[in-house]
Amino acid sequence: MSVLIKNGQVINPATGLNAVMDLYIEDNKVVEINASITKDADEVIDANGKIVVPGFVDLHVHLREPGFEQKETIETGTLAAVAGGVTTVACMPNTNPAIHSKEVVKLIQEKAKLSGKAKVEVVGAITIDILGNKISPIEELLESGIIGLSDDGRTTPDESIMKKAFEYLKSKDLPLMAHTEDMTLARGGCMNEGERSKALGLKGIPNAAESNIVKRDIELCKEMDSRLHICHVSAAESMDHIIEAKKEGVKVTVEICPHHFILTDDIVNADDAYSKVNPPLRSKKDVEKMIEAIKAGHIDCIVTDHAPHEEKTKKVGYPQAAFGISGIETSFALSYTYLVENNHISLMKLIEMMSYNPAQIIKKSVGNINEGEIADIAIIDLNASYTIDSNKFYSKGKNTPFNGYEVKGVVTHTLVDGKVVYRR
Ligand code: DOR
């Protein structure tokens, strides 16, 4: 199987390439990148006027399988992924059963092979059932090929368990992907604590619920000389701790979701839980801090925390509604529109934050368009704009606060291992 992509603007952060080029792909690899390639190919794609970039790597995705197939499946979640230009996802372990044994890892890997459109990497649970009290069989999880450990959705309160997890991960140079939330401070909260929560009479979650645990986890990581990846940063104080730790040389990386650098808690309405997410949408001051941190290069990657939920779990009143935003199909367009079009960062930097950097964090040799490299590629029309409408999502989760937003950047083709798996 061969594919020739003609006349696209190839952008590759790993090498700094940013030029109109042809790209020849054979089987699963990029064979040649040149100004003009005249070889015959099974398929020729005209990418004139479009960008050709490494497929995105989303380190924070809830595929919900096994156990919550009414919300999403590996098939629907990865179809949504490739529609968003995402070619590798790391799936979070808060499934049922949780990803706390080699059997569950294997099940996901096998299902992904059968029905996955994108590549699926697996994040193992730090503790059994993500309950925080009994450590998972981490050695067997590592042997079965997980790319990191997390109790995402919760913080692991027990420091001795955290230290053991750090120790195991150190042997493989893989990250502990920390959901940072002090439950004693966050308990019962459903939105950011501030003026808006007061006005709405809803219980707030303070910034300190996040930043206290960010600080704790940085200390633990430092002590264990291991690797920490902070999930979905949202609070200004967390960012301060992370910047400080990076300066000190602690091996910490950090991800951010589009909703945390675009939206503030001003949009929260008690009768619409599509804005309910954990960590919550924060204040203007926090969002400004996030933008500053992105501009300064302190934030390593953009992820989605793609958290699909069925309608009824969002329609039970704000306090009771499920936390989460379905985000994998809108991530690039939102990030491009709000970060690049608003001149906060360059297009090259955005592509780096969505492909090369996250691939490096989980030590996968993707996120790089180069001769001899795997052909995981997205082709995107930056001149095309559209209005977000979650009824058109491939994901089962229609829960997004971005409905009606005008964005730029339409994914027209996605290739995984050299095969076109999505075309608009
Ligand atoms: O909003 C969220 N939803 N945050 C999390 O940490 C978990 C996620 C989910 O699983 O729905």
Side-chain angles (χ1 to χ4, degrees), residues 58-74 76-77 80 89-100 108 122-123 125-127 129-132 148-157 176-183 185-192 205 209-210 213-214 217 229-235 238 254-260 262-263 265 267-268 272-282 303-316 318-328 330-331 395-402:
D58 189 336
L59 297 186
H60 199 132
V61 174
H62 297 274
L63 290 178
R64 305 296 193 206
E65 200 177 349
F68 302 107
E69 289 82 356
Q70 77 280 12
K71 296 179 191 285
E72 195 79 290
T73 62
I74 290 168
T76 58
V89 301
C91 66
M92 282 294 169
N94 59 343
T95 47
N96 186 20
I99 310 178
H100 56 205
I108 293 169
V122 182
V123 181
I126 301 171
T127 61
D129 291 325
I130 317 210
L131 287 175
L149 284 170
S150 182
D151 272 351
D152 185 57
R154 295 191 186 127
T155 278
T156 317
L176 189 146
M177 303 165 89
H179 175 108
T180 51
E181 182 182 11
D182 184 338
M183 285 315 294
L185 294 176
R187 188 160 288 142
C190 61
M191 67 172 291
N192 182 47
I205 303 171
E210 178 180 291
I213 301 295
V214 166
D217 288 355
H229 178 73
I230 300 288
C231 291
H232 42 51
V233 68
S234 70
S238 307
V254 58
E255 62 179 39
I256 192 165
C257 308
H259 47 266
H260 287 131
I262 298 173
L263 302 175
D265 59 357
I267 71 143
V268 174
D272 177 6
Y274 277 6
S275 65
K276 184 173 173 181
V277 64
N278 187 19
L281 304 179
R282 299 285 185 188
V303 304
T304 57
D305 192 4
H306 177 69
H309 286 291
E310 69 277 45
E311 191 72 6
K312 67 173 189 214
T313 66
K314 285 286 193 184
K315 298 276 164 162
V316 289
Y318 211 93
Q320 286 78 34
F323 285 102
I325 291 174
S326 176
I328 206 158
T330 53
S331 179
S395 169
K396 288 189 185 184
K398 312 300 177 195
N399 48 302
T400 174
F402 290 110

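In each ligand, atom 1 is the first atom listed, and ligand 1 is the first ligand listed.
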*Asks:* Hey, which atoms in ligand 1 end up nearer than 4.0 Å to a heavy atom of Ala307?
*Replies:* 3 (N), 8 (C), 9 (C), 11 (O)
*Asks:* Is it the case that the side chains of Glu210 and Ser238 hold a donor-acceptor pair, with the cut-off being a distance below 3.5 Å and no angle test?
*Replies:*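 Glu210 and Ser238 do have a side-chain donor-acceptor pair below 3.5 Å.
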*Asks:* Tell me which protein heavy atom sits closest to atom 6 (O) of ligand 1, plus the residue, atom name and distance to 0.1 Å.
*Replies:*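 Minimum-distance protein heavy atom for atom 6 (O) of ligand 1 reads His179 CE1, 3.2 Å.
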*Asks:* Can you name the closest pair of heavy atoms from Ile205 and Arg282 and give their distance?
*Replies:*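 It is O-NH1, 2.9 Å.
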*Asks:* To which protein heavy atom is atom 4 (N) of ligand 1 closest, and what is the distance rounded to 0.1 Å?
*Replies:* Asn278 O, 2.7 Å
*Asks:* Taking only non-hydrogen atoms of Arg64, do any sit less than 4.0 angstrom from ligand 1?
*Replies:* yes
*Asks:* Any idea which atoms of ligand 1 are less than 4.0 Å away from a heavy-atom of Gly153?
*Replies:* 6 (O)
*Asks:* Less than 3.5 Å apart, any donor N or O on the side chain of Thr156 or Asp151 sitting next to an acceptor on the other?
*Replies:* yes
*Asks:* Name the closest protein heavy atom to atom 8 (C) of ligand 1, giving the residue it belongs to and the distance to 0.1 Å.
*Replies:*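 The closest heavy atom on the protein side is His62 NE2, 3.7 Å.
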*Asks:* Is the shortest side-chain N to carboxylate O distance from Glu310 to Lys71 below 4.0 Å?
*Replies:*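 Looking at Lys71 together with Glu310, the answer is yes, because their closest N to O distance falls below 4.0 Å.
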*Asks:* Looking at every heavy atom in both Cys231 and Met92, which two are closest together, and how far apart are they?
*Replies:* SG-CE, 4.4 Å
*Asks:* With a 4.5 Å limit on heavy-atom distance, are the side chains of Ile328 and Ser395 in contact?
*Replies:*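 Not touching, per the 4.5 Å side-chain cut-off.
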*Asks:* Please indicate whether any nitrogen or oxygen in Phe323 is less than 3.5 Å from any nitrogen or oxygen in ligand 1.
*Replies:* yes
*Asks:* side-chain contact (heavy atoms from CB on, under 4.5 Å) for Phe68 and Asn94? Distances and angles first, verdict last.
*Replies:* CA-CA 10 Å; Phe68 302 107; Asn94 59 343; over 6 Å; no
*Asks:* For ligand 1, indicate whether the residue His309 contacts it via side chain, backbone, both or neither (heavy-atom separation under 4.0 Å).
*Replies:*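 Within the 4.0 Å criterion, His309 contacts ligand 1 through side-chain atoms alone.
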*Asks:* Check each atom of ligand 1 against the heavy atoms of Val277 and keep those under 4.0 Å away; list them by number with element.
*Replies:*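 What qualifies from ligand 1 is 1 (O).
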*Asks:* By number and element, which atoms of ligand 1 are closer than 4.0 Å to a non-hydrogen atom of Asp305?
*Replies:* 2 (C), 4 (N), 5 (C)
*Asks:* Looking at ligand 1, does any of its N/O atoms fall within less than 3.5 Å of an N/O of Gly324?
*Replies:* yes
*Asks:* Classify the contact between Ile325 and ligand 1 as side chain, backbone, both or neither, using a heavy-atom distance cut-off of under 4.0 Å.
*Replies:* neither
*Asks:* Out of all atoms in ligand 1, which are within 4.0 Å of some heavy atom of His232? Include the element for each.
*Replies:*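 Going through ligand 1 atom by atom, the ones under 4.0 Å from His232 are 6 (O).
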*Asks:* In this structure, which one of His306, His309, His62 forms a side chain to side chain donor-acceptor pair (under 3.5 Å) with Glu72?
*Replies:* His306
*Asks:* Work out whether the distance between some heavy atom of Lys276 and some atom of ligand 1 is less than 4.0 Å.
*Replies:* no
*Asks:* Verify the ring-centre separation between His232 and His60: is it less than 6.0 angstrom?
*Replies:* yes
